[in-house]
Amino acid sequence: MSDRKIRVGITHGDINGIGYEVIIKALNDPRMTELCTPIIYGSAKAAAFYKKTIENAENFNFNLISSAKDANPKRVNLINCCDDSLKVEPGVMTLEAGTAAAEALRTAARDLKNKEIDVVVTAPICKENIQSDDFHFTGHTEFFAEMFEGEPLMMMCSDLMKVGLATIHIPVSQVSNSITGENIINKLKQLKQTLIQDFSITSPKIAVLSLNPHVGDGGVIGMEDTETVLPAIQDAVRENVLAFGPFAADGFFAAAAYTKYDAILAMYHDQGLAPFKALSHDGVNYTSGLSIIRTSPAHGVGFDIAGKDKADESAMRQAIYMALDIFRSRKIYEQISANPLKTYKRETGAKDISVSDLPDTEEEKD
């Protein structure tokens with residue numbers, strides 16, 4: 001594995017939210033540039049504005065660069081993606097801020113595709129003001145899913161638990177029709193692969209939550225869990241996925257049953273995120289299943305506290321740490337999964353050997 005420090009692209013999110021505050025606070029530690037090379041995609045003007053609002057940040061500086069290739073591995077670098085006329089208005093939702101957030105995302109995604117950065121960490125965006133003719137995604141997950149190969153699985157991760165979602169940003173009225181056996185089996189397979197490849201967990205155990213309260217109470221509160229969820233779990237088990245359930249969500253979290261499993265598959269957004277955020281102070285949103293690595297702090301734009309030096313940077317710090325850990329885990333997984341015969345052939349120039357070339361008897365061996 002290369003000794004070069006991992007290049008972490010960090011998008012600034014909505015400039016009128018808490019993005020810059022958590023970014024500056026998380027990177028305002030010289031040990032961070034010992035771990036990685038941070039490259040912020042954003043606005044020099046907004047960065048300078050928020051630096052003045054943060055206590056103990058007077059000695060924090062950005063190294064302005066025009067390309068990720070020019071990043072200084074010992075500094076916090078910043079690529080200016082926005083016009084200097086950009087107006088910073090903490091706590092105010094503006095179209096200008098949405099445009100600036102989208103431009104930073106597109107620039108970082110381009111560099112990620114060109115391998116000029118290794119991973120990306122995204123500060124929160126406002127899903128309302130970022131919408132335009134050029135940006136029509138309901139979230140970061142959908143944006144990166146269109147840009148890169150793979151099938152996205154939205155995950156919330158912390159030291160306490162990892163939660164994957166069977167459905168993501170869709171109306172609650174559409175959830176039931178979106179829960180199919182095929183969908184659940186695919187998500188369970190994805191979750192298993194992610195736990196092995198990205199988190200180095202062997203033989204992961206996955207708990208599956210029921211769609212309906214009380215697992216449907218034998219059909220009194222719906223038949224989806226009996227007719228769809230349970231058979232999907234059984235089929236997944238036959239395909240070597242250690243899946244268990246379905247479990248009623250309220251009792252599952254109340255009894256701390258999540259401590260017995262490596263991950264949880266929730267049926268819809270709030271079923272998984274509400275308990276996760278209540279229990280995990282520094283949670284991370286991870287878009288698994290893609291060819292690239294993208295993480296984000298598991299909180300919103302925080303318009304109500306923007307510019308007041310009240311934002312907690314711990315989730316942003318953990319998002320950076322997790323991106324680094326996943327990058328290393330994938331490298332290790334690639335190495336241990338590689339075919340050693342192919343490696344030998346590549347390094348020595350040896351020709352392919354078929355079974356028919358091998359001697360069958362002791363006499364032939366002589």
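Quick caveat: nothing in here was measured; it's all calculated off a predicted structure.
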Which heavy atom of [X] sits nearest a heavy atom of [Y], and at what distance?
X    : Y    : answer
T141 : P152 : CG2-CB, 3.9 Å
I23  : T11  : CD1-O, 4.0 Å
H12  : C82  : CE1-SG, 3.7 Å
L230 : G245 : CD1-O, 3.8 Å
E55  : D309 : N-OD2, 3.1 Å
A57  : I24  : CB-CG2, 4.2 Å

Test item: [X] and [Y] side chains (from C-beta on) under 4.5 Å apart, heavy atoms:
X    : Y    : answer
I206 : L242 : no
L279 : Y258 : yes
I233 : P246 : yes
E313 : E21  : no
Y321 : V284 : no
V92  : F303 : no
T287 : H140 : no
I185 : K189 : yes

Exercise. Given N63 and N72, is the side-chain hydrogen bond (donor to acceptor under 3.5 Å, both in side chains) satisfied, shown in steps?
Worked result: CA-CA 8 Å; N63 177 44; N72 187 328; 5.6 Å; no
Cluster link [X] to [Y], ILVMFWY, side chain under 4.5 Å:
X    : Y    : result
M156 : L160 : yes
L265 : V229 : yes
I292 : I6   : no
L27  : V8   : yes
I184 : L191 : yes

Is it the case that the side chain of [X] and the backbone of [Y] share a donor-acceptor pair, with hydrogens and angles ignored and the cut-off at 3.5 Å?
X    : Y    : value
S158 : G283 : no
Q271 : M267 : yes
E224 : I179 : no
K187 : L165 : no
T194 : F199 : no
D262 : K205 : yes
S280 : K277 : no
T53  : Y50  : yes
T259 : A256 : yes
D225 : L211 : yes

Atom [atom1] of [X] and atom [atom2] of [Y]: how far apart are they, to the nearest 0.5 Å?
X    : Y    : atom1 : atom2 : value
K331 : Q335 : NZ    : CD    : 8.5 Å
D134 : R106 : CG    : CZ    : 5.5 Å
I130 : F137 : CD1   : CZ    : 9.5 Å
K192 : L188 : NZ    : CG    : 10.5 Å
N61  : L64  : CG    : CG    : 10.0 Å
C81  : L78  : SG    : CG    : 7.5 Å

Would you say [Y] and [X] are linked by a side-chain donor-acceptor pair, where the criterion is simply a distance under 3.5 Å?
X    : Y    : result
Q174 : S178 : no
S210 : N212 : no
E142 : H169 : yes

Problem set entry | Verdict with reasoning, L35 to L324, per side-chain contact (heavy atoms from CB on, under 4.5 Å) | CA-CA 8 Å; L35 295 173; L324 298 175; 4.2 Å; yes
For this session: Measure centre to centre between the rings of F253 and F276, then say whether the value is under 6.0 Å.
Result: no
Exercise. Given the rule in the side-chain contact (heavy atoms from CB on, under 4.5 Å) test, do Y333 and I196 qualify, once you have shown the distances and angles that lead to the verdict?
Worked result: CA-CA 8 Å; Y333 180 79; I196 294 172; 3.9 Å; yes
Identify whether the distance between the nearest side-chain nitrogen and carboxylate oxygen of [X] and [Y] falls below 4.0 Å.
X    : Y    : value
D312 : K25  : no
R31  : E34  : no
R330 : D198 : yes

For this session: Look at atom CG of L95 and say whether more than 12 heavy atoms of other residues, nucleotides or ligands are closer to it than 6.0 Å.
Result: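 Not more than 12 within 6.0 Å, no.
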For this session: Take atom CD of E58 as the centre, draw a 6.0 Å sphere, and report whether it contains more than 12 heavy atoms from other residues, nucleotides or ligands.
Result: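 Count over threshold, so yes.
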N/O donor to acceptor pairs below 3.5 angstrom from side-chain atoms of residues 37-48, sequence neighbours left out:
| from | atom 1 | to | atom 2 | distance (Å) |
| --- | --- | --- | --- | --- |
| Y41 | OH | D111 | OD2 | 2.7 |
| S43 | OG | K45 | N | 3.3 |
| S43 | OG | A46 | N | 3.0 |
| K45 | NZ | D84 | O | 3.4 |
| K45 | NZ | L86 | O | 2.8 |

Please list every donor-acceptor pair under 3.5 Å in which a side-chain atom of residues 113-123 meets a protein atom from a residue at least two apart or in another chain.
| from | atom 1 | to | atom 2 | distance (Å) |
| --- | --- | --- | --- | --- |
| K113 | NZ | M147 | O | 3.0 |
| N114 | ND2 | R110 | O | 3.3 |
| D118 | OD1 | R4 | NH2 | 3.4 |
| D118 | OD1 | R7 | NH2 | 3.1 |
| D118 | OD2 | R4 | NH1 | 3.0 |
| D118 | OD2 | R7 | N | 2.8 |
| D118 | OD2 | R7 | NE | 3.3 |
| T122 | OG1 | R294 | NE | 3.2 |
| T122 | OG1 | R294 | NH2 | 3.0 |
| T122 | OG1 | S296 | OG | 3.3 |

For this session: With side-chain contact (heavy atoms from CB on, under 4.5 Å) as the test, would you mind laying out the steps for E96 and K87 before giving the verdict?
Result: CA-CA 8 Å; E96 190 178 22; K87 189 175 182 180; 3.5 Å; yes
Problem set entry | L290 vs F144, side-chain contact (heavy atoms from CB on, under 4.5 Å): CA-CA, chis, key distance, verdict | CA-CA 8 Å; L290 298 181; F144 284 102; 4.0 Å; yes
Exercise. F60 ring centre to K51 NZ or CZ under 6.0 Å, with the angle to the axis within 45°?
Worked result: no
Exercise. N129 pairs by side-chain hydrogen bond (donor to acceptor under 3.5 Å, both in side chains) with which of N16, D14, T94?
Worked result: D14
